[in-house]
Chemist: 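For reference, the structure I am asking about is given below.
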Amino acid sequence: MTLTLPVAAMLLAALVIADFFVPMLPSATTIAAIAGFLVGNLALIAGLVLCAALASWIGDLLGYQALRLTRTRWRLPFLGSAKVAALEARFQRTLLRRPGTTTLVARFLPAGRTALAWAATAVPAYRHGRMAALAGLVWACYIVGMGLAIG
């Protein structure tokens with residue numbers, strides 16, 4: 001059976017979206033590997049960047065909404081500790097002072113986008129959708145660029 005381009009793009013998007021919820025999934029590695037095979041084909045490279053960036057943004061938005069719902073509906077016992085509360089408060093202050101930098105750094109850390117979305121649910125002034133779109137585009141360009149350099 002031959003894998004068509006739209007099916008491959010949907011599978012890749014599903015992997016990047018799921019990476020928000022299960023950070024151990026190798027979405028970045030998969031994108032870089034695919035990019036290595038696309039060296040010289042500008043249309044497919046642009047498509048890969050757009051697919052990865054859009055999927056990253058959608059994953060961040062879905063995850064943010066899920067975490068917002070979780071924060072408002074349930075009390076999670078491990079979040080009651082003083083250390084976790086202090087760390088979260090510090091993260092929220094940083095998010096307000098430097099939203100762009102914090103979002104970009106979090107996007108490149110393992111489970112960083114999940115932690116960022118959790119902290120962002122308690123900071124109404126933070127524009128999560130806009131920042132997630134920017135971070136997703138930068139991340140996609142970087143990962144595809146690394147794949148092209150290796151390929």
Side-chain angles (χ1 to χ4, degrees), residues 1-72 76 78-79 84 87-88 90-151:
M1 182 172 107
T2 309
L3 191 66
T4 64
L5 191 59
V7 172
M10 289 186 336
L11 289 172
L12 181 64
L15 179 66
V16 174
I17 290 168
D19 185 19
F20 180 93
F21 300 98
V22 184
M24 291 77 63
L25 290 174
S27 63
T29 306
T30 304
I31 291 168
I34 292 170
F37 290 111
L38 299 179
V39 172
N41 191 332
L42 293 179
L44 287 179
I45 292 168
L48 180 61
V49 169
L50 289 175
C51 178
L54 183 62
S56 174
W57 181 63
I58 290 170
D60 284 355
L61 292 180
L62 290 173
Y64 174 81
Q65 292 301 326
L67 291 174
R68 199 167 114 193
L69 182 66
T70 301
R71 186 184 278 274
T72 58
L76 303 175
F78 61 88
L79 294 176
V84 172
L87 184 62
E88 185 179 13
R90 186 174 177 191
F91 193 14
Q92 290 168 354
R93 285 191 303 272
T94 303
L95 198 54
L96 285 171
R97 276 195 311 262
R98 294 183 185 90
T101 304
T102 305
T103 304
L104 284 174
V105 169
R107 183 60 187 94
F108 285 90
L109 295 174
R113 65 195 262 213
T114 306
L116 173 77
W118 176 259
T121 60
V123 182
Y126 174 71
R127 304 241 186 236
H128 185 70
R130 184 177 297 163
M131 290 293 136
L134 171 67
L137 183 60
V138 170
W139 173 81
C141 290
Y142 174 77
I143 295 299
V144 169
M146 292 300 293
L148 291 172
I150 293 168

Chemist: Over all heavy atoms of both residues, which pair between L96 and A125 is shortest? Give the atoms and the distance, please.
Modeler: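 Of all heavy-atom pairs spanning L96 and A125, the closest is CD2-CB, 4.0 Å.
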Chemist: Heavy atoms only: give me the nearest S27-D19 pair and the separation to one decimal.
Modeler: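 Heavy atoms only, the tightest pair is OG-OD2, 2.6 Å.
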Chemist: Which of parallel (below 30°), tilted (30 to 60°) and perpendicular (above 60°) describes H128 and Y64?
Modeler: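 Because their plane-to-plane angle is under 30°, the rings of H128 and Y64 count as parallel.
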Chemist: Please give me the minimum heavy-atom distance between A53 and A140, naming the atom from each residue.
Modeler: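 Taking every non-hydrogen atom into account, N-CB, 3.6 Å.
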Chemist: Show the nearest heavy-atom pair for residues L67 and A117, with the distance to one decimal.
Modeler: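 The answer is CD1-CB, 3.8 Å.
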Chemist: What are the two closest heavy atoms between T114 and P23, and how far apart are they?
Modeler: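 Heavy-atom minimum between the residues: OG1-CG, 4.3 Å.
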Chemist: Would you say that more than 12 heavy atoms from the other residues, nucleotides or ligands in this model lie under 6.0 Å from the CZ of F37, or not?
Modeler: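 No, CZ of F37 has 12 or fewer neighbouring heavy atoms, counting only those of other groups under 6.0 Å.
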Chemist: Got W57 and L137 here, is their nearest side-chain heavy-atom distance under 4.5 Å?
Modeler: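 No, their side chains stay 4.5 Å or more apart.
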Chemist: What is the distance from atom CG of L48 to atom CD1 of I34, rounded to the nearest 0.5 Å?
Modeler: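 Rounded to the nearest 0.5 Å, the CG-CD1 separation comes out at 6.0 Å.
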Chemist: I'd like to check L116 versus F91 (side-chain heavy atoms, cut-off strictly below 4.5 Å). Are they in contact?
Modeler: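 Yes; the side chains approach each other to less than 4.5 Å.
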Chemist: So, taking the atom named CG in L50 and the one named CD1 in I45, what distance separates them when rounded to the nearest 0.5 Å?
Modeler: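 Spacing of CG (L50) from CD1 (I45) equals 12.0 Å.
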Chemist: Give, for atom CG of D60 and atom CE of M131, the distance between the pair rounded to the nearest 0.5 Å.
Modeler: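 Taking CG in D60 and CE in M131, the distance rounds to 12.5 Å.
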Chemist: So, the side chain of T70 versus the backbone of A66: is there a donor-acceptor pair under 3.5 Å, distance only?
Modeler: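 Looks like yes, one N/O pair under 3.5 Å.
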Chemist: Just how far is it from atom OG1 of T103 to atom OH of Y126, taken to the nearest 0.5 Å?
Modeler: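 Reported value, rounded in 0.5 Å steps: 2.5 Å.
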Chemist: Main chain of P99, side chain of T102: is a donor-acceptor contact present, judged purely on distance under 3.5 Å?
Modeler: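 Not at all, since once roles are kept as given, no pair shorter than 3.5 Å links the two residues.
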Chemist: If I take atom CD1 from residue I143 and atom CE from residue M146, how far apart are they, to the nearest 0.5 angstrom?
Modeler: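 Here the rounded value is 7.5 Å.
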Chemist: Grab the two heavy atoms, one from V39 and one from G151, that are nearest each other, plus how far apart they are.
Modeler: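 Smallest heavy-atom distance, with atoms named: CG2-C, 4.0 Å.
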Chemist: Once rounded to the nearest 0.5 Å, what's the spacing between atom CG of L25 and atom CZ of F20?
Modeler: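 Result: 13.0 Å between the selected atoms.
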Chemist: Have a look at W139 and tell me which of I31, V49, L134 forms a side chain to side chain contact (heavy atoms under 4.5 Å, CB included) with it.
Modeler: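 Exactly one pass, corresponding to I31.
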